[in-house]
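Here's the structure we're looking at; comments come further down.
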Amino acid sequence: MAYIKFDDSKVSKFVQANELPEMQALVTAADQELRNGTGAGADFRGWLTLPTDYDHEEFARIQKAAEKIQQDSDVLVVIGIGGSYLGAKMAVDFLNGSFYNSKPKSERRGVQVVFTGNSLSASYLKELQDFVGDRDFSINVISKSGTTTEPSIAFRIFKEKLIKKYGQEEASRRIYATTDAKNGALRQEVEANGYESFIIPDGVGGRFSVLTPVGLLPIAATGADLNELMHGAADAAAAYQDADLSKNDAYRYAALRNILYRKGYVTELIENYEPNLRMFAEWWKQLMGESEGKDQKGIYPSSANFTTDLHSLGQYIQEGLRNLFETVVKVTKPPYNVDIPMEKDNLDGLNYLKGQTLNEVNDKAYEGVVLAHNDGGVPVLTVEIPDESEYSLGYLIYFFEVAVGISGYLNGINPFNQPGVEAYKQNMFALLGKPGYEELAAKLKKEID
Ligand SMILES: O=P(O)(O)OC[C@H]1O[C@](O)(CO)[C@@H](O)[C@@H]1O
């Protein structure tokens, strides 16, 4: 039986029986492009084999570094943006729950892990500095280029704090840099100051890098089991190899979302019923959006957190513009369950829930929502994982990574580049007065005035 249960029964009202088989030839062609490297962006397929083909010496070094951090620090400050942030944050939340950082030390497997360098908010940076306060801390700065503005500024600020507290030598021992093997500003700084460093492999783009040191060091710092994470991803890599749509649910998901897209369902909402999967949605949005939104086409990836958003977005999903479809990531057995107390007076009328746990109530909400939204004209796909273990997360990550590779080729784009991200950066550099941008600065100034 498949480890991830993929349920597409709630798209049958919207997709004719012949449509999926008709996609098989295209999926087979997309599979060949992906596997044989004949598709666009082929140099960035390193993630395909990553779960089994990684640097084991470096993997062991990451675990050692995490142990050292756990011994000498209360907090690990992780600095990065985009693919150098979202995967790590998503995994830390998924595996450790919503209140991990607030738990007393004795109830945590690892150190507190906080994230910065993912915005230009001075207030956030200040609040985070105050949060770290006088406590012992280390830094994991993550940047392939080393020149991305947001993490570069945050790194300067936390590096200054680290040097003030420990002096240059000890500060250098508390900085872990995850960056390119040879190139970039951060690599230069590593060489100059002797920081311990980990490598972002060349063939793995930022949004596919969660199973590289980019994600692995912050995850390990929380005490999570990296071997199980990689094991889950490796088993998924083996499970999702067959191009046959009847045997490969990740490919089936890719094909169905393309069928829906061509009918006008141009927005996909990734949904969860567990708050610690909120960041999973953010990771998925980058994976899908940066991979597919190009050449003036692509599904717009959005998200909703249930049941919370049923009381805000629920109205729109039920009755708004009919261009939405939903993909629910469902957890069969969340880590905890809660009994609902019965009250003698039953003033709120809740005693009808007698004998039902909160997880059962949540499951009924899911079932009710799927039926209601389906009736309202919204196709719903469900990707169900058994639990919130490291193994399941590794499996799930790979499911969506391989699906977006196939999906991108089905839609005739290069799923592995992100040229559009540069546009705002160029303008920002010009407006900030960065040397080399004088001409653009003059042009923008005219437009602004
Ligand atoms: O790791 P870097 O070079 O700081 O880049 C950060 C992120 O910026 C992007 O290049 C564009 O958003 C992402 O793909 C990448 O993950």
Side-chain angles (χ1 to χ4, degrees), residues 40-47 50 62 77-92 115-121 125 139-159 175-191 195 197-219 279-294 298 300-301 397 400-401 404-405 408 413-429 432 434:
D43 288 350
F44 285 89
R45 293 171 306 124
W47 55 270
L50 188 67
I62 289 170
V77 178
V78 181
I79 299 172
I81 195 165
S84 296
Y85 154 60
L86 288 162
K89 172 70 175 150
M90 161 286 268
V92 164
F115 292 84
T116 187
N118 50 65
S119 78
L120 291 170
S121 164
L125 264 172
I139 294 175
N140 179 200
V141 55
I142 308 170
S143 179
K144 176 95 173 158
S145 61
T147 52
T148 308
T149 312
E150 295 90 337
S152 297
I153 292 173
F155 184 39
R156 279 210 176 186
I157 288 165
F158 276 93
K159 192 170 39 180
I175 294 175
Y176 302 85
T178 307
T179 189
D180 191 84
K182 296 193 200 85
N183 302 312
L186 186 53
R187 173 54 54 191
Q188 276 182 28
E189 200 172 323
V190 166
E191 303 307 333
Y195 308 148
S197 73
F198 303 101
I199 290 167
I200 307 178
D202 276 343
V204 183
R207 58 189 175 276
F208 291 89
S209 69
V210 54
L211 299 177
T212 74
V214 169
L216 295 180
L217 181 56
I219 297 169
M279 283 307 297
F280 186 86
E282 302 306 312
W283 170 80
W284 177 92
K285 284 194 272 188
Q286 188 201 7
L287 183 69
M288 296 289 159
E290 235 177 44
S291 298
E292 295 197 300
K294 50 196 68 155
Y300 181 74
I397 287 168
F400 283 113
E401 286 183 346
V404 80
I413 51 96
N414 175 353
F416 304 123
N417 65 359
Q418 56 284 329
V421 188
E422 290 310 310
Y424 100 89
K425 290 187 194 167
Q426 304 302 315
N427 285 358
M428 183 176 70
F429 290 151
L432 287 169
K434 190 170 179 177

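Because the structure is a prediction, the values reported are computed rather than measured. First listed ligand is number 1; within each ligand, the first listed atom is number 1.
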Quiz item: Can you tell if the side chain of V210 reaches within under 4.5 Å of the side chain of E401, non-hydrogen atoms only?
Solution: yes

Check: residues 151-158 side-chain donor-acceptor pairs under 3.5 Å, at least two apart:
| residue | atom | partner | partner atom | Å |
| --- | --- | --- | --- | --- |
| S152 | OG | G146 | O | 3.4 |
| S152 | OG | T148 | O | 2.7 |

Quiz item: Tell me, which protein residue and heavy-atom name are nearest atom 6 (C) of ligand 1, and how many Å apart are they?
Solution: I81 O, 3.4 Å

Quiz prompt | Other residues, nucleotides, ligands: >12 heavy atoms within 6.0 Å of F429 CZ | solution = yes

Practice problem: Kindly confirm or rule out an N or O of T148 lying under 3.5 angstrom from an N or O of ligand 1. | Solution: yes

Quiz prompt | Nearest-neighbour protein heavy atom for atom 16 (O) of ligand 1, which is reported as residue plus atom name and distance | solution = G83 N, 2.7 Å

Practice problem: Compute the shortest N/O to N/O distance between K144 and ligand 1 and return yes if it is under 3.5 Å, no if not. | Solution: yes

Quiz prompt | Residue and atom name of the nearest protein heavy atom (relative to atom 11 (C) of ligand 1), distance in Å to one decimal | solution = V421 CG1, 3.3 Å

Self-check item: Evaluation steps, side-chain contact (heavy atoms from CB on, under 4.5 Å), between I397 and M90
Solution: CA-CA 11 Å; I397 287 168; M90 161 286 268; 3.9 Å; yes

Quiz item: Donor-acceptor pair, E282 side chain versus L86 backbone, under 3.5 Å?
Solution: no

Quiz item: Do the ring planes of W47 and F416 sit parallel (below 30°), tilted (30 to 60°) or perpendicular (above 60°)?
Solution: tilted

Quiz item: Does any N or O atom in E290 lie less than 3.5 angstrom from one in ligand 1, N or O only?
Solution: yes

Exercise. List the closest protein heavy-atom neighbour of atom 3 (O) of ligand 1: residue, atom name, distance to the nearest 0.1 Å.
Key: S145 OG, 2.7 Å

Quiz item: What's the shortest distance from atom 10 (O) of ligand 1 to any protein heavy atom, and which residue and atom give it?
Solution: K425 NZ, 4.3 Å

Quiz item: At a 4.0 Å threshold, what atoms of ligand 1 neighbour a non-hydrogen atom of G206?
Solution: 16 (O)

Quiz item: Are any of the side-chain heavy atoms of K294 and N417 separated by less than 4.5 Å?
Solution: yes

